[in-house]
Every structure is written in C-alpha cells, then in structure tokens.
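Okay, structure first, notes after.
Order of the sequence lines sets the chain letters (A, B, ...), proteins ahead of strands, with each chain counted from 1.
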Amino acid sequence: MSIHDEEILGKAYDARLMRRLLTYLRPYTRHVALALAAIISASVLQLSQPYLMKLAIDRYIATGDLHGLNRIAMAFVAILFAAFALDYIQTWTLQMTGQRIMFDLRMQVYGHLQRLDLQFYDRNPVGRLMTRVTTDVDVLNDMFTSGVVSIFGDVFTLLGIMIVLITMDWRLALVAFSVLPLIVIVTQWFRRNVRESYRTVRTWIARINAFLQEHITGMPTVQLFRRERRAYERFDGINRAHRDANVDSIFYYAVFYPLVEVVGALASALIIWYGGGWTLQGTIAIGSLVAFLLYSQRFFRPISDMSEKFNVLQAAMASSERIFKLLDTPVQITSGLGARGSGLGSQERPMLRATHAPSARPDAGEGHIAFEQVSFAYNPGEYVLRDVSFEVRPGERLGIVGATGAGKSTLINLLLRFYDVTEGRILIDGRDVRDMELAEVRRLFSLVLQDVHLFSGTIADNIRLGERSIDDERVRRAAQAVHADRFVQALPLGYASPVAERGATLSVGQKQLLSFARALAFNPRVLVLDEATSSVDTETELLIRDALHVLMAGRTTIAIAHRLSTIQDMDKILVLHKGQLRESGRHQDLLAQRGIYYKLYQLQYRDQDVG
Amino acid sequence: MGPAFRRLLPYVLRYRRRFAIGLTCVVITTAIQLVSPWVLKYAIDDITRGATRQKLALYAALLVGVASVGAVFRFLMRRILIGASRDIEYDVRNAFFARLQQMPLGYYQARRTGDLMSRATNDLNAVRMMIGPAVMYSTNTILMFVVAIGIMLSIDTRLTLIALLPLPLVSISVKYFGSAIHKRFESIQAQLSDLSAVVQEALAGVRVVRAYNQEPHEIARFKAANAEYVRRNRVLIRLQGLFYPSLTLFLGFGAVLVLWLGSREVIRGRITLGEFVAFNGYLVMLSWPMIAFGWVTNILQRGMASWKRMLEVIDAVPAITDDHVTEAGRAAPLLGAIELRHLTFAYPGSGAPVLADVSLTVSAGQTVALVGATGSGKSTLISLLPRLHEPPPGTVLLDGIDVREIPLAALRGAIGFVPQEPFLFSDTIAANIGFGVHDEAPENRMRAAAAVARLDKDVEAFPAAYDTVVGERGITLSGGQKQRTALARAIMMDPRVLILDDALSAVDTYTEEEILARLRAVMRQRTAIIVAHRVSTVREADLICVLDKGRIVERGRHDDLVAHGGLYAALYRKQLLEEELAAS
C-alpha cells in the first residue's frame with residue numbers, strides 16, 4: 001500500500017517549521033503582545049487566590065479580624081472581575097489573530113495554486129490540493145488558538161507558582177519541587193508513546209477514509225463483480241486495525257492521568273509531613289501550609305494540560321510541513337521577461353533567446369503562430385512530440401488529426417503555455433511565447449475543451465466568467481449565435497438560472513453549446529478547439545456543427561478533430577502520428593497522397609462504402 | 001428515550017459485562033476522589049491542635065495510599081469503558097459498511113459520497129463519544145455531585161446552601177452558550193464546505209481558468225468566501241470569549257461567599273479550620289461537575305442526532321435482494337438466453353416511464369445491438385439485466401426464469417458489464433482486470449483478456465507493466481485505457497452474457513475496430529448486448545433494435561433495417577450523406 005502525504009506525521013516540534021510559522025505573526029505583533037500581556041496578568045491574578053486564602057487564615061481568622069476579612073473578600077471579587085475581562089481580551093485577540101493569519105495563509109496557498117504549472121495538477125489529485133487549503137490550514141489554526149498559546153500560559157502559571165512558593169517558604173518549596181523529576185519522567189514516557197500511537201491512529205483513519213471513498217463511489221462495480229464479501233473482509237481488517245490502534249493509545253492515557261494524580265498526592269503528603277512538622281515547631285504558619293497545599297494542586301493541572309497539547313502541536317507540524325511543501329513548489333511557467341521589453345535577468349534561458357532571433361515579423365498582434373522544431377516530453381526522455389514545425393497565418397483554419405496518443409492535445413497545451421516546450425520554440429507574431437506575458441498569450445485564444453467545465457453560478461456567469469466587460473447583451477448575442485439561446489430561454493430563470501453542481505441538470509450537448517457561447521463571447525483572435533468525442537443525439541449534433549461554423553467564421557482556428565467530417569473544409573490539416581508531423585495539406589490532397597490520412601479516413605467511413 | 005435509543009441497545013448490551021465492571025470502577029474512583037479532602041481536613045485539624053509526628057506520617061501515607069488505589073481504578077475505568085466504546089464503534093462501522101454493500105445503484109444516485117462518508121466517520125465518532133466518555137464522565141460527575149454536596153451539608157448546612165447559590169447560573173450559562181456555540185459552529189462548517197466548493201471548482205477546471213485568464217477572478221471569488229468564513233468565526237470567538245471566563249466568574253462567586261461567611265464561622269468556632277479547608281476543597285470539586293453537566297448534555301444531544309443519521313443508513317431497506325429467489329432460479333443453467341416481456345419501467349419516485357412495453361427475445365449466443373438517441377432508454381434497459389435497477393416481476397428473464405428469482409451472485413456472475421464511465425480501483429492493473437475473478441486466475445488468462453481489449457500494448461509500455469498501480473479512480477490512465485481495462489475486466493470473468501454500454505466511446509475508431517474483431521472471436525458462443533452510436537459498431541449484429549422514447553420502434557438486421565426506411569435508415573443515410581459530401 002502506498003504511503004500518502006496525509007499519513008506522514010513528523011516530529012511534535014520542529015524548530016525550522018516553527019520559525020517559518022512565526023513569520024506569519026509578524027503583521028500582528030501588536031495583537032500578539034496585547035494577548036500575551038493579558039495572559040500574564042490573568043495568571044498573576046489566578047495565582048493570587050490561594051495567597052489571599054493564606055492571608056485570610058493567618059492574619060484575620062487567627063485574630064478574628066472581621067474588617068480584614070471583608071477587605072479580603074472585596075479583593076477577591078475585584079480579582080474575579082479583572083480576570084473575567086482579561087480572559088475575554090486574551091481569547092478575542094488571540095483567536096482573531098489566528099483567524100487573520102489563517103486568512104492570509106489560505107490566500108497565499110490558493111494564490112500559489114493559481115500559478116502552479118499544470119504539470120503539478122497532473123500529479124496531484126484535486127482532493128488532496130483541497131485539503132491543503134481547507135483542513136490543513138484549520139489544523140494550524142488549532143495550534144495558534146488553543147495549542148501553542150495555552151502552553152505559553154501553562155508555562156507561565158508554573159513559573160508563577162514556583163516563584164510564589166519560594167517566596168512564601170523556600171524550604172517547603174524545595175520539598176514540593178522534589179517530585180518534579182518524577183513528573184518529567186512520566187510525561188516523557190507518555191509523550192513518546194502517545195506520539196507514536198497517534199501517528200498509527202491517524203494512518204488508519206486515513207485508510208478508512210480512502211477505502212470508503214473508493215468503495216462508495218465504486219459500489220455498483222463492486223456489486224456487479226460480486227466483490228462484496230472480499231471488500232467487507234478488507235474493510236473489517238482496516239477497521240480492526242484502527243480499533244486496535246485506538247485501544248493502544250487509550251492505555252497511555254489511562255496510565256498517564258492517574259499517575260500524575262499519584263505524584264500530586266505524593267507532593268501533598270510531603271508537604272503535610274515536612275510542612276506539618278515545621279508548623280508544629282512554629283516555623284511555618286498554618287495558613288502558609290494550606291496555601292502550599294492549594295498551590296501544589298494547581299501545579300499539576302497545567303502539566304496534564306500541556307501533555308494533551310502535544311497532539312495538537314504534532315498535527316499542526318505535519319500540516320504546516322505539507323503546506324510549506326506546496327508553497328515551496330516552484331512555478332516554472334511564468335510571464336516572460338521580455339514581456340515589457342526589458343531584457344533584465346535573463347539568467348533562466350539565456351542561450352535559447354540568444355540563438356533564436358525572430359525570423360519573420362508579420363503585422364504585430366495579428367495572431368500569426370509558428371511552431372519551430374518543437375519537441376516535448378512530459379517525463380524526461382519520453383518524447384510525446386518530436387521536431388514539429390508548422391505555421392498558422394491569421395484567419396487560417398487548421399485541423400489536427402491523428403490516433404489517440406499521437407500528441408494532438410499536447411500541441412494545444414504548448415500553444416497556451418500550459419507546458420513549456422522541451423526543445424524548439426513557439427512564436428506568436430514573431431515573439432517566443434516564453435518571452436510574452438502569460439495573460440497576453442492566453443488572451444489571444446479561446447479554448448474549447450472536450451469536457452466542458454461549468455462553475456456554480458448562473459448561466460450568464462458561465463458564459464462571461466469573471467469578465468466584467470462582457471455585458472448581458474453580449475452574453476445573449478453569443479448564446480444566440482451558437483444556438484444556446486433557445487434552451488437557456490426555456491429555463492425558469494433564463495440566463496439567471498443557477499447551474500447546479502457541475503451542470504448536472506444540463507445535457508452534454510447543452511453544456512457543449514454553452515462552452516461555445518463562452519468562447520464566442522470572449523471574441524478571441526484564435527479559436528482553439530478540442531473536439532468532443534462523446535456522442536450526442538443527432539439533433540444536437542447538427543446544432544453543434546452549425547454553431548461551430550459560426551464560431552470559426554473569419555477567425556484563426558486550430559481544431560483537434562476526432563471525426564474527420566468536421567475538418568474537411570479546413571485550410572490545412574496536420575496529421576500527427578506517434579508524436580511526429582507526418583502529413584499536412586488540404587483534405588483532397590491528403591486523400592490523394594494515400595498515406596496515413598487516407599487510412600484514417602478509410603477506417604472511419606468503410607461502412608458506408610459497402611452501403 | 002425513543003426507538004433510536006432502542007436500536008443502540010443491542011450494540012451496547014453485547015458488552016454489558018464490561019460496562020458493569022467499568023461502571024463499578026467509576027463508583028470506586030469517585031468515592032476515593034472524595035476521600036482525599038477529608039484526609040486533608042483531619043491532618044490540618046490535628047496540626048492546629050498540635051499533633052505528633054507519627055500522626056503526620058500516617059496522614060502522608062494515607063494521602064499517597066488513597067491516591068494510589070484511586071489511580072488503579074481510574075486506570076481500569078478508562079481502559080474498560082473507553083475500550084468498550086471503541087469496540088462498539090468497530091461493530092457499528094462494520095454494520096454500516098455491510099448495509100451499504102446491499103444498497104442498489106439508485107440509492108447511491110440519490111446521495112452524495114461525502115455525506116455517506118461523514119456519517120461513517122464524524123457521526124460515528126459522535127456516537128462513540130456518547131457511549132464512551134459521556135457515560136463515564138456523567139456517572140462520575142453525578143456521583144461526585146451527590147456525595148460532595150452530602151459531605152458539605154454535614155459540615156455546615158447554611159454554608160453549603162450559600163456556596164451553591166451561583167451554581168444554577170453556571171448550569172444555565174453552560175446550556176445557553178453550549179447551544180449558541182453549537183449553532184455558530186454549524187454555520188461555520190457550512191461556510192467551510194462552500195469554501196471547499198469554490199476551491200474544488202477552480203482546481204478541477206484549472207485549464208479553463210488559465211486559458212481565459214480568470215486567475216484574478218477566481219482569487220477574488222475565493223477571497224470573498226474566505227472573508228465570510230473569518231466573519232462567521234468572529235461571532236463564535238466572541239461567544240467563546242465570554243463563555244469560559246463567565247464560568248470562572250460564577251464559580252468564583254461561590255468561593256468568595258464561602259471565604260467571607262465560612263471564615264466567620266471558623267472565628268465563631270462553629271466549624272474547625274480543617275473543615276473550612278475541606279469545604280473549600282469540595283467546592284472546587286463541584287465546579288467540574290457543573291461544567292461537565294453542560295458538556296455531557298451536549299455530547300448526548302449530538303450523539304443521538306448522529307446516531308439517527310447513522311440509523312438512516314443501517315436500517316435502510318435494500319430494494320434489490322434475494323427475497324424472490326426460487327428453486328428454479330437457484331438451479332438456472334445460465335446459458336444466456338434473454339427475454340423481455342412487455343417491460344415497462346419507471347424510476348421510483350418519477351412518474352414517467354423510461355421504457356414502455358418493450359418485448360425482445362435474444363437466444364443464447366446472439367449479438368444484439370441497441371441504437372437510439374440519448375435518453376431513449378438504452379442504458380436503463382441494460383441496467384435491468386444484472387438488476388442494477390429492479391425490473392417489474394416477470395418482465396426480464398434469463399433462460400426463461402425471472403431474473404428476480406435467480407440469486408444475485410449467480411446472476412451477476414453470468415454477466416460481464418462494461419459501463420460507459422468505467423470505475424477502476426487504486427490497485428495494480430492486474431488486480432483491476434482480475435476484479436471479478438474470485439480464485440487465483442492464471443496470469444496468461446489475464447494477459448489474454450488484456451489482449452482482446454487491446455490493452456496489452458499500452459500496459460507493456462508501462463515500466464511496471466501489469467503491476468503498475470493506477471491512481472485514484474484510474475487517474476493515471478487515459479480515458480480510452482480506462483475503458484479498455486474495464487472491458488478486459490469483464491472478459492476476464494468469462495461471462496455468458498457481455499454487456500457493453502457505449503463502452504468504447506473514448507477509444508479511437510481504429511482501435512475500436514481491432515477490439516470488435518477480437519471480441520467477435522471470443523464471443524462466438526456467448527450472448528452480447530451492445531449499446532453504440534456508430535453504425536460501424538453495430539452493423540454486424542444478429543439483431544439491431546432502435547429505441548425511441550422508451551420503445552423499440554424498429555428491429556432487424558442491418559440490411560433489413562436500411563431497406564425498411566425508418567429511423568435506422570435515416571441515421572445510416574445521414575452517415576452516407578456525410579461520406580458523399582466528403583468525396584465531393
């Protein structure tokens with residue numbers, strides 16, 4: 001079984017990660033300072049309570065001073081209200097800071113995702129990337145709000161108690177502290193084991209989720225192939241391992257908490273034994289003894305609290321590691337440096353730019369496209385395209401054909417700079433696409449893909465996307481032109497109708513027409529089309545075909561065709577075979593060559609020859 | 001408690017002995033917890049009176065001894081009760097999955113995967129919290145509450161009543177804040193899922209976003225959702241910021257009252273100093289049960305709500321079962337003769353029939369093609385054969401026996417089904433091909449199946465060949481490769497009936513032609529039902545049926561249908577026309 005990123009859990013504390021996390025605090029230094037001040041003051045107030053008790057016993061109960069007792073009670077009430085205010089300030093500032101940092105971090109991760117190369121998307125399923133933006137960031141939030149800061153508060157309380165005890169009576173303080181080594185040992189033991197078992201539990205939860213996800217979506221397949229029993233056995237195995245891992249971790253908790261209590265009782269016993277003796281000798285007041293007992297009880301609470309925070313901390317470390325790994329993934333495809341005419345810092349591709357001077361310069365901005373000896377490999381050494389050269393003049397219509405895997409889609413991927421060429425270059429109006437701004441390159445094109453992607457929002461939103469300049473009128477005209485208007489008008493709210501989850505309520509053909517409308521509304525110089533393979537009924541098919549003509553009219557077009565009928569009247573047809581450009585020309589010329597195109601054509605239309 | 005609670009009992013009662021022992025441990029633990037302040041009281045009273053060192057040693061030893069005994073029972077309590085809750089969680093999760101496996105396709109079409117998964121994980125966890133920690137803590141706190149108050153009353157009745165004055169405030173605020181926080185929490189979760197949806201869309205459609213330069217727009221959309229998320233959290237934080245401090249405040253009032261009034265009692269000599277200290281100890285002990293009451297009621301509410309959601313699945317009645325199996329069905333020879341008798345079918349819940357009065361006889365070994373526009377009922381028709389949806393009684397027969405009378409396992413074992421959108425599992429290609437074969441199949445059979453599906457060459461190009469692990473849902477394979485793997489998987493079963501539901505749509509024409517030729521050889525003795533759009537795919541079939549709006553409107557061989565001049569002929573003419581245009 002493969003180990004997913006999700007299953008990797010690192011150390012509970014990693015200084016390098018922590019330092020980097022702390023940089024996110026920088027914009028909020030003042031908030032953090034305020035929160036810290038509140039935490040410290042609150043701890044001080046909390047610590048003063050047993051001391052007040054001691055005062056009450058030694059000074060006033062012993063002497064029967066009722067006025068003094070009143071003052072103590074008043075002080076107590078004042079402390080309570082002050083503590084209330086401080087607690088509120090602390091929670092509010094800290095948690096809001098946490099939220100703001102999470103907001104920043106989320107924007108950063110998401111912004112980076114919007115820039116990362118498509119190659120990255122090929123390797124990482126969407127579900128995993130979503131986890132980075134949502135769950136992982138939330139886990140970090142836990143650390144900022146409850147974990148790390150409360151540890152800080154705990155540490156401060158511990159220190160405060162120690163100081164108070166030492167000032168009250170340093171001998172008795174030493175007696176109370178003598179159990180500390182025991183606590184350290186117990187805590188170390190607990191931490192080590194719990195970290196381990198937590199890791200195991202997390203792994204099994206991830207496996208349960210993965211298994212369920214897969215088997216719920218694939219349940220019809222499981223049933224058709226009668227795999228129910230075996231699937232159940234596998235599930236039972238994972239489920240059982242998950243339970244056993246949990247039972248293991250219960251053991252550590254079940255031992256740890258009682259043990260801390262025993263150590264606490266030991267401290268009380270020592271205080272009674274020594275402190276009691278000293279009280280009898282008269283070297284310590286009875287009130288101090290009581291205060292000592294009260295403090296020692298408070299002493300052990302933060303310790304067990306702190307141990308519980310280790311899980312939070314560990315999960316946060318693992319999440320931040322994953323997030324940083326994503327943020328550190330470099331973006332290779334960026335706007336070219338020549339984009340704004342500056343030749344600065346060309347360190348990335350100096351040779352290429354130096355050796356290839358633009359050959360011809362047609363009128364700027366017309367959309368003249370040239371592939372010059374382009375080769376491409378998704379994985380080093382495995383070439384998908386080899387030495388492909390061709391040219392598309394403005395207004396020309398180009399068809400690309402070839403069997404699956406011939407490299408047709410790759411051509412489009414390179415043209416839109418979803419990937420960069422491995423060798424050779426692609427020129428638009430004489431400029432290397434790598435020297436242009438990304439947006440400048442892509443603005444030239446409208447891309448229509450096989451699988452239509454719809455966003456939630458209205459029909460109109462899906463046609464204009466985020467482009468404010470495309471008004472309702474333009475949306476409607478585009479839809480009309482590609483025959484989408486009729487079915488859109490038939491919807492209850494017309495163009496304002498919401499598109500359900502990924503267009504579930506629309507037919508394949510309707511979605512296709514919408515994507516045409518989108519392409520037309522953007523009025524691109526070049527239309528890039530990856531023809532749909534999925535079959536639709538004849539009527540829709542005719543609509544689509546007609547819409548295509550509208551779309552292509554007077555526009556440079558590059559179309560990948562699966563049905564040869566679509567491209568017969570193209571100005572030029574390229575035949576790709578195993579990554580190489582083998583034939584090119586017009587339909588009739590290619591047929592006359594009796595080469596690959598002829599064969600493809602024969603295959604597709606053989607049936608009709610017989611009839 | 002209602003019927004949902006009654007359905008939970010069997011799961012819990014299976015471990016009744018452990019619960020009995022565990023709860024006994026809770027009682028003992030609580031008793032011991034309550035003894036400790038008492039020991040302190042005697043110690044302090046003795047010290048004020050001037051005790052001996054031996055007595056001090058005795059008290060010290062008592063403190064440690066009592067704590068140690070308490071620790072043992074505390075350990076047992078946690079181990080036994082929480083352990084039992086883990087066992088119950090395991091049982092329930094298995095029952096949940098077992099029931100899912102019995103639910104038919106229609107069930108899944110009406111539900112979202114994420115929802116079912118969250119029931120199996122989040123809801124189950126809430127249920128476990130209810131039967132494990134909640135039971136343990138509530139027993140502990142109730143006991144502690146009752147006994148501590150009893151002891152406090154015995155020390156000083158008036159002081160006890162005064163000390164308890166602020167406690168109702170605590171419980172009320174726990175209740176109030178608890179439900180308010182819960183409500184905000186839900187709205188935050190809802191926003192989180194909206195946020196996820198935005199991310200999901202933008203990432204899944206990354207090509208469109210990039211091609212149309214929509215990155216800034218997508219970032220703005222995300223920013224809005226992100227800001228809304230923070231805004232909702234803000235409200236929650238304000239509530240939480242008030243909640244815990246107010247608890248401390250109320251509990252503090254009790255302590256002040258005790259200090260103020262109690263110390264007067266000590267001065268007046270009505271109680272001893274030791275009693276005063278012990279009294280304070282018990283008061284501190286009470287603060288935890290007060291907070292826990294609110295916490296436990298929350299867990300119980302949430303747990304029961306979650307349990308009801310789980311029961312919706314666990315108690316769901318599978319619509320397609322072996323209930324109608326007969327002797328004849330069990331003994332069916334399963335040769336592959338198919339008959340449809342006046343089959344009319346509508347999806348449950350929707351009135352309009354998808355298939356209307358369809359009758360068809362296919363003898364064993366025949367190849368039948370189904371042609372028709374999208375929505376004409378082709379896919380529905382073939383889904384009734386392996387009972388992915390339930391046909392009406394007596395309408396779908398295999399070898400003359402109603403498919404409902406044949407055990408599901410036998411029926412599906414005889415049918416190789418290749419769906420339009422194949423589902424592959426994240427396992428090796430070999431395992432995916434052998435998915436429907438339950439014994440260890442020899443490797444050459446697997447290779448042969450792959451060869452028929454024209455998958456062999458593709459696979460040999462992979463570094464790990466058949467041991468290549470395909471990603472989630474086969475993400476590493478192309479659409480055509482996935483379809484061909486699904487085809488090999490069906491062929492591997494060596495089925496009497498092979499059903500292809502437009503199963504080669506992502507395969508190019510050339511490869512499709514090759515596959516069909518190889519299939520014909522394999523399928524010579526077997527029944528095949530092929531749904532397709534291309535004439536080339538269906539023209540060789542023994543029988544072609546044209547469906548239109550749920551009815552078979554034409555049937556016959558290719559030549560007959562062309563001669564007949566109906567829908568099929570029109571489809572064919574259209575393709576001919578294309579060819580003429582092409583030749584011009």
Please look at [X] and chain B and tell me whether the side chain, the backbone, both or neither of the residue comes under 4.5 angstrom of a heavy atom of that chain.
X        : answer
A:Leu86  : neither
A:Asp244 : neither
A:Met107 : both
A:Ala519 : both
A:Arg468 : neither
A:Val255 : both
A:Phe522 : side chain
A:Ile272 : both

Taking all heavy atoms of A:Leu447 and all of B:Tyr212, pick out the closest pair and write down the distance.
-> O-OH, 3.0 Å
Partner set under side-chain hydrogen bond (donor to acceptor under 3.5 Å, both in side chains) for A:Asp65, not counting sequence neighbours = none
Go through the structure and list residues passing salt bridge (Lys or Arg N to Asp or Glu O under 4.0 Å) with B:Glu89, not counting sequence neighbours.
-> B:Arg86, B:Arg93
Just so I understand: if I count every heavy-atom pair under 4.5 Å between each of [options] and chain B, which residue has the most?
options                              : answer
A:Leu66, A:Val290, A:Ile79           : A:Leu66
A:Leu69, A:Thr91, A:Leu416, A:Leu212 : A:Leu69
A:Phe76, A:Phe235, A:Phe445          : A:Phe235

Indicate the ring-plane relationship of A:Phe225 and B:Phe435, choosing parallel, tilted or perpendicular according to the 30° and 60° boundaries.
->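 Correct class here is perpendicular.
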Any sub-3.5 Å donor-acceptor pair from A:Arg243's side-chain atoms to B:Gly83's backbone N or O?
-> no
Would you please indicate yes or no on a ring centroid separation below 6.0 angstrom for A:His215 and B:Phe425?
-> yes
